[in-house]
Every structure is written in structure tokens, then in C-alpha cells.
2 protein chains.
Amino acid sequence: MTNRSKKSEQTVPCHACPVRKLNRFQPLPESQQAVVQQYRAGQTTIPAKQYLYREGELHGNIYTVFSGWIMLYKTLSNGGRQILRYVLPGDFIGFQADLQFPMNHSAQTLTDCTLCVFPRPNFLQMLQTNPELGLQIAWITARDMTLGQEYLVNIGRKNAKERLAFLFLELYQRLRLRNPKITDSIPFPMTQEDIADTLGLTLVHVNRTLRSLREEGLVNLSHHTLTILDYDQLSDITGFNNSTLATDQPLL
Amino acid sequence: MTNRSKKSEQTVPCHACPVRKLNRFQPLPESQQAVVQQYRAGQTTIPAKQYLYREGELHGNIYTVFSGWIMLYKTLSNGGRQILRYVLPGDFIGFQADLQFPMNHSAQTLTDCTLCVFPRPNFLQMLQTNPELGLQIAWITARDMTLGQEYLVNIGRKNAKERLAFLFLELYQRLRLRNPKITDSIPFPMTQEDIADTLGLTLVHVNRTLRSLREEGLVNLSHHTLTILDYDQLSDITGFNNSTLATDQPLL
DNA sequence: CGTAAAGTTGAATTCTTTCAAACACGGTGG
DNA sequence: CCACCGTGTTTGAAAGAATTCAACTTTACG
């Protein structure tokens, strides 16, 4: 078996992707807002398809995402790639078990992104001065881990259709938690190859499964827009449960 | 089947890993050990095959494992099961994104276990009184997440033989990090069905793959004892890299 | 308007599962 | 000490899911 997807060196910034402003990010808890504020090193805007950092690279910065989508992934020696999770507006990114060691995964923007940057020194100093933030970070990390476990179940114990359904509902719900007013259509900046590398499938099989979901009138995915046509049936297929993501909370 | 580029010389057992000298295996500072001590509610011993807690159940206790193996898993509506990770002596268990909500996974002992218990109130109070412990927990959680991501790659992008090889080396190395003196044989309390539910395979296929690994003289698994016969080739098969687990550290 | 990237589709192959049955081993009771 | 039992392991054969290979179509964008 073994699916790969060779990653070519894409250097071309792509404002191509019709994904625009994503949902507002949620403001930080007021109590901590002021504190965190003073350690920011300002905002950056990064075009689509750029690396924030790469596996094996030393990189101590921590980010908060204001707008845009980012994907985190690991690569295999055989050229394969496994996407670990998508980072959405409001999410926190760059914290790992050991900040002075090389990153254990890569982060690449899917769309143009606006980020709030905490250089490592600032970040560490902030934690030293405000130790109660440590627990915040622990909660956040635990929540990210929970999502990862959901992915594990999805890839390890479901068939292609169920996996697709899960991914769609997951992203839909995550956006919805941040902005309850969103419609049934959400931006979807990933390619089918990205989906494949998220779900442990091949591009070809994703395409076929997608067709089948479309023909059954469950979802529609085209032009980088995903429309949920039959939420109930999708959630039925994949056993998706809202409580899965319910502990979503605003971040730093 | 997949052919990957050969990785050659990193196959030396773990204490040879160059990163280790950089103090990654750091015990909790003594000052903190004393602090933690006073919030313990004592030790318990639990027989094999018992639940520590079950998915959906409210359960605020936090544990540190002194001895024994525990498995964490989630169950699916169709009866399936996905094992998320094995908890070994020295590990920390029970912390999740929201302690007042039902557990999002189950924990079941594989062997008799001796645990150190922190009732939730103690735990929370400990964090309140010693906020710097929050960051400790964040590191620990991040490390657990890293292992989970490794699992994701394993299940999502490798074939059966590669998956088995990874699991064996992972457990072997984790034990070895705690006790560098262990031999090539380690206790292996799981059944083949457990392995299957860890790797996203079926029991039958695990059995066949195991036979093939045995016939090639790579490992031997019987009577709940695993023997690594050819570490280099195993690590070659699965692309196992010591740095994968290098951030191992003793916990609370 | 042309090119590169992304999406589609068919056919053959391979990996993994399913179903079904037999075998092995540790523990229990007679 | 041996028969019996249940759990866990092993194996074969057939079916099914997903991959591979290869070509073609469409879309996005300079």
C-alpha cells in the first residue's frame, strides 16, 4: 500500500485561492488580554503556501492566528506526508514539548494569514512573569491533543466515506464555534491531495468517495467551497458528535 | 509495498542518540517534587483489566503510574475501538482539556498497577498554589501529543509491517529511556487484538504480519514477552527515529 | 490563450478484511 | 493428574476496500 504525495517545492505565492477572510477570531479573556498584549512582537501577514516553520528546523516563535488557515504535517522518509491538523483563526500554534529543539512537524499556510507573533524569549519571559498562563497553555494543548485523538479514531477505524464525513463536520463545527452565524457553506482551501494526506487515503480514492458523497446529496465541494447539504446524515455516517469539539475556547 | 530510502547509521540504541546529552531527560526539580508530594492522596494498587475511568464518565482524578501498564482508548458507535496510547511507569494520566466534563476516553489496566492518586480538588488547589506547575503540565501534555502525532503518521501512512515495527520500537525505547539497562526482551501484556486496535488493523492481519516478522527473524512475540531480534532492520522498515521519543521525561 | 496544477475516470493489482474453523495454553474443578 | 473451558492464537479461502498506473479533462491564473 502506501500512498504518497510528493510535495514539490512550491514557491509561488498563491493569492489564487478564492478563500477570503475567515471568521473573526475570538478575543482573548479580558483578564489576560493586557498581559499577553505586552509580549507580542506585532502582527505579520504571510501569503498562502508559505512555511511558518519546517520539520527539523529550529524555530522558537509562537503564534496566534488572526485570519487564514494553516496546516501542520509530518513527512516520511519515503516522501509521504501526514497532515496532523488544520489551524484556524483563533488557534495557537508553535508550542511543542521542547522549544529549544527542532520542530517535529511543519507548518504551512493554506491561505494568506495574519498572525500575532511571540518570539520565544518574550514567550518564555511572559510565562515566567505570569506563571498562571502555563495552565492556560496546558488546557489548550490538551484540547489540541483531543482533536488529534479524534483523528486517530477516524483514520484507524473508519472507512473512506466515514473519514471524509468526519473531516467536513469537524471543520464546519470548528468554524461555527467561532462564528455561530456561518451558513452551510464554508471556505475550503485544501486540495483533494491535502484531504488524502489528512485522512490516510490516496488522492484518487478521495476523489471517488467525494463523488459518491456528492451523488448522494450530502455535501458539495467545488471551487474551494464546501457546502454541507445534509448534516444529519453526515453525522450519522461518521458518528460525529458535537461534544467532540465542545471544549473549544478562546486562546491567547 | 513501499520502498523508502535507506536510513543507515541512526540505528544505534538510544543512549547513543546525540540529542540526549542535551538534558532532555529532566526530572521534575526537587523543589517541585516536594510540593507535588503534599497533594497526593496516597497510592493505590489496581489489578489487571480494571477500568481507571470510562469514556463518558465524570472522573476528576489525576494519576501518576508507579508500576504497571495502562491503555487509553476510545470506542466507536459500531463497537470498534481505537487504542490511543499505552501508559507506562512514570507517566501521567487523567488530565484532559476540561476536567469537569466527562472523560473523552477510557483507561484500562493491562497489568496490576500501582498508582499515585491526585483527587481533582487537590490537583486544582495544587495548581492554584503553585502556578508554575501549569507549564510543567503543558510540556507533558505536549509530549503526549507528539506521540499521538507519531501514531497518526503510523496509522495514516504506513502498511501493516511498518506499523507493527513502529509500535515495537516505540514501546521498547520508551522503556529503555526509563531504564537503560533493559535487555532486548520486554514485557508485552497486550493481546494481538489490542495491537490491532492500536494500529488500525484487524486481529487476523496482525497475526499474519507478526508471523512474517518472526519468519524474517526481526522480532519474537510470545507468552507476553517481546524480543527485539534485529533493531536496525526494524527501524529501517518503519523509519523509526530515536528523536521521536527523545523528549521523554519523568513526570509529576 | 497557454501552461501548470488540480480534478476525473477506468482497469488491474495489492493489501486488508471477513468468515469460518482449528489449535494452544492457562486455569479450574473433579 | 487429567478433562474441560474460555480466551487468545493460527490458518485457509473468498470477498472487499483502497491503491497503483495511466490517461484525460478542467480550472486557475500569468
Side-chain angles (χ1 to χ4, degrees), chain A residues 1-20 47-49 78-81 110-112 154-164 187-215 219-226 237, chain B residues 1-3 47-49 76 78-81 110-111 154-164 188-215 219-226 237:
Chain A
M1 82 160 235
T2 293
N3 354 335
R4 87 221 50 266
S5 37
K6 60 265 135 128
K7 256 260 114 276
S8 41
E9 295 318 303
Q10 37 35 268
T11 16
V12 194
C14 127
H15 39 305
C17 194
V19 178
R20 343 191 126 97
K49 305 203 175 176
N78 63 21
R81 179 180 68 151
L110 284 160
T111 67
D112 297 351
N154 199 41
I155 297 184
R157 282 286 171 256
K158 296 185 194 168
N159 64 32
K161 191 179 281 191
E162 294 165 336
R163 294 185 208 183
L164 264 297
F188 200 89
M190 298 86 89
T191 66
Q192 293 185 3
E193 185 169 24
D194 293 332
I195 299 178
D197 288 340
T198 306
L199 301 177
L201 300 168
T202 53
L203 176 171
V204 173
H205 197 50
V206 164
N207 184 286
R208 292 186 170 119
T209 309
L210 217 37
R211 175 174 61 173
S212 135
L213 286 172
R214 187 192 321 123
E215 288 172 352
V219 298
N220 194 289
L221 174 52
S222 60
H223 304 284
H224 293 293
T225 297
L226 172 74
I237 286 176
Chain B
M1 193 38 198
T2 305
N3 296 318
K49 306 203 176 178
L76 290 88
N78 64 17
R81 178 179 70 151
L110 285 160
T111 66
N154 198 42
I155 297 185
R157 282 287 171 257
K158 297 185 193 168
N159 64 30
K161 191 180 281 193
E162 295 164 337
R163 295 184 208 181
L164 264 297
F188 200 89
M190 298 86 91
T191 66
Q192 294 186 4
E193 186 169 21
D194 293 332
I195 299 178
D197 288 341
T198 307
L199 301 178
L201 300 168
T202 55
L203 176 169
V204 173
H205 198 51
V206 164
N207 183 286
R208 293 187 169 117
T209 308
L210 218 36
R211 176 174 61 172
S212 133
L213 286 172
R214 187 192 322 124
E215 288 172 352
V219 297
N220 193 288
L221 175 52
S222 60
H223 304 284
H224 293 293
T225 298
L226 172 74
I237 285 176

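Note: hydrogens, waters and symmetry copies are ignored here, and every other heavy atom, side chains too, is used. Sequence lines set the chain letters: A, B, ... in the order given, protein chains first and strands last, and positions in each chain run from 1.
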For this session: Would you mind classifying the nucleic acid contact of A:K161 as base, sugar-phosphate or nothing, using non-hydrogen atoms under 4.0 angstrom?
Result: nothing
Seminar exercise, completed: Applying side-chain contact (heavy atoms from CB on, under 4.5 Å) to A:T209 and not counting sequence neighbours gives A:A160, A:K161, A:L164, A:H205
For this session: Describe the nucleic acid contact of A:L203 in one word from base, sugar-phosphate, nothing, applying a heavy-atom distance below 4.0 Å.
Result: base
Exercise. Want to settle it: does A:N207 or A:R157 sit nearer the 5' end of DNA chain C, counting the closest nucleotide to each?
Worked result: A:N207
For this session: Consider the side chain of B:L201, meaning its heavy atoms from C-beta on, and name the nucleotide among C:dG7, C:dT16, C:dT18 that approaches it most closely.
Result: C:dT16
Exercise. To the nearest Å, how far apart are A:K49 NZ and C:dA6 C1'?
Worked result: 9 Å
Exercise. Out of C:dT8, D:dG12, D:dT19, which has the shortest distance to the side chain of A:R208?
Worked result: D:dT19
For this session: With axes from five pairs an end, tell me the bend angle of the helix from C:dC1-D:dG30 to C:dG30-D:dC1, nearest 10°.
Result: 40°
For this session: From the options D:dT9, C:dA20, C:dT16, select the nucleotide whose nearest atom is closest to the side chain of B:N159.
Result: C:dT16
For this session: Determine: side-chain N/O of A:Q192 to OP1/OP2 of C:dT8, distance under 4.0 Å, yes or no.
Result: yes
For this session: Among C:dT8, D:dT19, D:dA28, find the nucleotide with the atom closest to the side chain of A:H223.
Result: D:dA28
Problem set entry | Atom-to-atom span, CD1 of A:I195 to P of D:dA18 - whole angstrom | 15 Å
Exercise. From B:L203 CG over to B:R208 CZ, what is the distance, rounded to the nearest 0.5 angstrom?
Worked result: 10.5 Å
Problem set entry | Atom-pair distance (NE2 on A:H224; P on D:dT26), nearest Å | 18 Å
Exercise. Closest nucleotide of DNA chain C for A:L210 versus for B:G200: which of these residues is on the 5' side?
Worked result: A:L210
Problem set entry | Whole-Å gap separating C1' (C:dC15) and NE2 (B:H205) | 6 Å
Exercise. For the side chain of B:T202, counting heavy atoms from C-beta on, which of C:dT17, D:dG8, C:dT8 is nearest?
Worked result: C:dT17
